[in-house]
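Here's the structure, in structure tokens; my notes come after.
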Amino acid sequence: MDTPLGTIAVVGLGTMGTGIAEVLARAGHQVIGIDTSDAAARRAVAALEAATARAVRRERITDRERGEVLARFRTSGDLRAAAEAELVIEVVPESYEIKQQVFRELDAIVSPATILATGTNALSVTRLAAESLRPERVLGLHFFNPAPAMKLVEVVSSVLTAPPAVEAVTALARSLGKEPVAVGDRPGFVADGLLFGYLNQAAAMYEANYASREDIDAAMRLGCGLPMGPLALLDLIGVDTARTVLEAMYAESRDRLHAPAPVLRQLSDAGLTGRKAGRGFYTYAEPGGQEVVPDALTPKDGSSAVAGRPVRSVGVAGSGTMASGIAEVFAKAGYDVVLAARGQEKADAAKGRIARSLERSVAKGRLTAGARDAALDRITAAGSLDAFAGVDLAVEAVAEDLAVKQQLFGALDKVCRPGAVLATTTSSLPVVAIARATSRPEDVIGMHFFNPAPAMKLVEVVRTVLTADDVHATVREVCAVVRKHPVDCGDRAGFIVNALLFPYLNNAIKMVEEHYASLDDIDAAMKLGGGYPMGPFELLDVVGLDVSLAIEKVLHNEFRDPGLAPAPLLEHLVAAGCLGRKTGRGFREHARR
């Protein structure tokens, strides 16, 4: 035949099956859509008609090409219509019983050369293949939703799969303009295997009342550049679907990180399965809609009942990239800033770094020359903390070492005036332990900026059990002035972002340790299948493997969960001095700067 796998049957015409059928038909394949529901079949035809009409309006295809695409798609309510197919892709509900029944019936219908593909993202391909009369022709072909837009396709082999079948569907995926990634048979495969553990932890974080759903979602969008927050994504995927995937993963791994959070069962049992039901973690205007509407849990608009303390001047302690970035943020917002370092030379160098950053903003048209000069004029470089005597807010951005920070806060306690707010930018250390180094722990709070501070919109506001209400209100008011998005969280390891991000990174490393997938395939899977701006190994090399290991250790020590133990490969690389981009080698080789 001119086109390999020219005739393809898609069994199950839900959202995913319909999307796969569209991709195949538009690529030139004869497509047989099979569903026992006449309504589902009609919806699939209507969806293809609508999608191709949009393509014509956008001048991506002609009317004639649209007619050809529609002619290549036909539907049937009888599985026997798959008899002429060279490939059958099943996308029926995630149930062994349902999928095995489909495969048993197909055995008696299709030719011995036909490849049978399952679209499962949670069930064992090997178990499904073992029930077939032709296990060597059974494999997984996992598209991502929406199939027409998402580039990733995971090609899943079992120990029974014949290489020619894998080669055929891999070539098909490439011909569709997709990026196929070869993976072995384990629940979740690569993308969902990493994604659902992260989603589960976010659900557990919400269930524990550690942070609001809005703050959890905002933190991961703004702190990690993700297209959606985890709880909104659970609603989109379907809470019941997520629970099914996690149950399958936990049955295989027995890792507590995969044990579904009880809130997932509670929502599922109540029928609150997300967007499709009109309510899940959020409430929607209508079932199947995406417009979120206020409900009883929606935060009330308006200012805090407690007024914050007035802040006119800000002290920033430190001379590194983070300290310079924070000082720049405050200066551009109109605050008088004292930038203090250990010695005048370091302080001047830090101010010079700010000047260069502001100059780049002017060159890019983001800042006027006048605003640059005004911001620089507001910054005073000082070689000692004594210059903080009159500041209203002191923010430290020194080394992530508890003893160093405690010593600094002891000094701030002596220098800063009564009533000044003292903030730490720690990303992993207990804020209360830093606060107790002062005689006024009620004035101490966490104010975790993200790097680079001038660009990143998120600030995690971390109050301890001792933090005063007006101190918390002060920091939130200041965040509004400097145009940052504050999220509230309690004083525990990792706060929101790192507590969700680093277990995901650690699990990616474990995949490589287990030779399940390559660095490149895992990075590609998360960028193409999850919409992540960077793959986990790209991000680890940017963050620094030593920094990542330190955070992993803090999380493991705090939560005592075996699944949070740092991956041995990470420890070995750090011991070898392979710390990422900064040393020229981490998980990959990098050109030294």
- Minimal heavy-atom distance between L152 and A525, with the atoms involved, is CD2-O, 3.4 Å
- Query: Of the non-hydrogen atoms in M456 and G223, which two are nearest, and what is the gap between them?
  - Reply: CE-O, 3.5 Å
- Minimum side-chain heavy-atom gap C479-H485 below 4.5 Å: no
- Task: Look at the aromatic rings of F449 and F330 and report parallel, tilted or perpendicular, splitting at 30° and 60°.
- Result: perpendicular
- Under the 3.5 angstrom rule, does the side chain of S324 hit a backbone N or O of T321 as a donor-acceptor pair? no
- Task: Take N121 and V245 through the side chain to side chain contact (heavy atoms under 4.5 Å, CB included) test and state the conclusion after the steps.
- Result: CA-CA 7 Å; N121 67 341; V245 174; 3.7 Å; yes
- Task: Check whether any side-chain N or O of K510 sits under 3.5 Å from a backbone N or O of G563 as a donor-acceptor pair, and report yes or no.
- Result: yes
- Identify the heavy atoms of G188 and E154 that sit nearest to each other, and give their distance. O-OE1, 4.4 Å
- Message: Using a strict threshold of under 4.0 Å (side-chain N to carboxylate O), is an ion pair present between R588 and E538?
- Response: no
- Item | Residues in salt bridge (Lys or Arg N to Asp or Glu O under 4.0 Å) contact with R353, at least two apart in sequence or another chain | none
- Under 3.5 Å: donor-acceptor pair, side chain of E477, backbone of G308: yes
- Query: CD of Q344: more than 12 outside heavy atoms within 6.0 angstrom?
  - Reply: yes
- Roughly how far apart are E514 CD and L569 CG, rounded to 0.5 Å? 11.5 Å
- Item | cation_pi(R312, Y335) dist<6.0 Å, angle<=45 | no
- Message: For R440, is the CZ atom crowded, meaning more than 12 foreign heavy atoms sit under 6.0 Å from it?
- Response: yes
- State, with a plain yes or no, whether a side-chain heavy atom of D491 is found less than 4.5 Å away from one of V465. no
- Item | D386: salt bridge (Lys or Arg N to Asp or Glu O under 4.0 Å) partners, not counting sequence neighbours | none
- Query: Between D217 and A232, is there a donor-acceptor pair closer than 3.5 Å when you use the side chain of the first and the backbone of the second?
  - Reply: yes
- Closest non-hydrogen atom pair, A468 against R309: CB-NH2, 4.4 Å
- Task: Tell me yes or no: between the side chains of T467 and E442, is some donor less than 3.5 Å from an acceptor?
- Result: no
- Task: Take T474 and V311 through the side chain to side chain contact (heavy atoms under 4.5 Å, CB included) test and state the conclusion after the steps.
- Result: CA-CA 8 Å; T474 300; V311 175; 3.6 Å; yes
- Message: Donor-acceptor check, side chain of D392 to backbone of V421, threshold 3.5 angstrom: yes or no?
- Response: no
- Item | Check: H448/N498 side-chain N/O donor and acceptor closer than 3.5 Å | no
- Task: Could you tell me whether the side chain of N451 and the main chain of M322 form a donor-acceptor pair under 3.5 Å?
- Result: no
- Message: Measuring only between side-chain heavy atoms, which start at C-beta, is V181 closer than 4.5 Å to F189?
- Response: no
- Query: Can you find a pair of side-chain heavy atoms, one from T298 and one from R213, that are under 4.5 Å apart?
  - Reply: yes
- Item | Side chain proximity check, L199 to I237, heavy atoms < 4.5 angstrom | yes
- Task: Taking all heavy atoms of A347 and all of G383, pick out the closest pair and write down the distance.
- Result: CB-N, 4.5 Å
- Task: Keeping the roles fixed (side chain from E396, backbone from V398), state whether a donor-acceptor pair exists under 3.5 Å.
- Result: yes
- Hey, is D235 close enough to R279 for a salt bridge, meaning N to O under 4.0 Å? no
- L422 and C416: side chain to side chain contact (heavy atoms under 4.5 Å, CB included), yes or no, with the steps? CA-CA 9 Å; L422 311 181; C416 293; 3.9 Å; yes
- Is L408 close to L385 at the side-chain level, that is, under 4.5 Å between some pair of heavy atoms? yes
- Message: Quick check against the 3.5 Å criterion: does K553 have a side-chain atom that pairs as donor or acceptor with the backbone of P566?
- Response: no
- Item | Inter-residue atom distance H556.NE2 - E552.CD, 0.5 Å rounding | 10.0 Å
- Task: For the residue pair E460 and F450, establish whether any side-chain heavy-atom pair is separated by less than 4.5 Å.
- Result: yes
- A437 and Q406 have their tightest heavy-atom pair at CB-O, 3.5 Å
- Note on the structure: Rounding to 0.5 Å, atoms CG (L222) and CG (D215) come to a distance of 10.5 Å
- Counting distance only, does the side-chain N/O of Y282 pair as donor-acceptor with the main-chain N or O of V293 below 3.5 Å? no
- Message: Please report the interatomic distance CG(L501) to CZ(F495), rounded to the nearest 0.5 Å.
- Response: 14.5 Å
- Check: D469 side chain, V306 main-chain N or O, donor-acceptor pair, under 3.5 Å: no
- To the nearest 0.5 Å, tell me how far Y532 OH sits from Y198 OH. 5.0 Å
- Task: Name the orientation class of the two ring planes belonging to F281 and Y206 (parallel below 30°, tilted from 30 to 60°, perpendicular beyond 60°).
- Result: perpendicular
- Does the side chain of D295 come under 3.5 Å of the side chain of T283 through a donor N or O and an acceptor N or O? yes
- Item | From CA spacing to verdict: side chain to side chain contact (heavy atoms under 4.5 Å, CB included), L539, L505 | CA-CA 9 Å; L539 182 56; L505 297 175; 4.2 Å; yes
- Test item: H258 and E252 side chains (from C-beta on) under 4.5 Å apart, heavy atoms: no
- Is the count of non-hydrogen atoms from other residues, nucleotides or ligands lying under 6.0 Å from R417 atom CZ greater than 12? yes
- Message: With rounding to the nearest 0.5 angstrom, report the OH to CE distance, Y504 to M526.
- Response: 4.0 Å
- Query: So, K405 and E400, do they make that salt bridge, N to O below 4.0 Å?
  - Reply: yes
- R372/E359 ion pair, N-O < 4.0 Å: yes
- Task: State, without any angle test, whether H590 and D541 hold a side-chain donor-acceptor pair at a distance under 3.5 Å.
- Result: yes
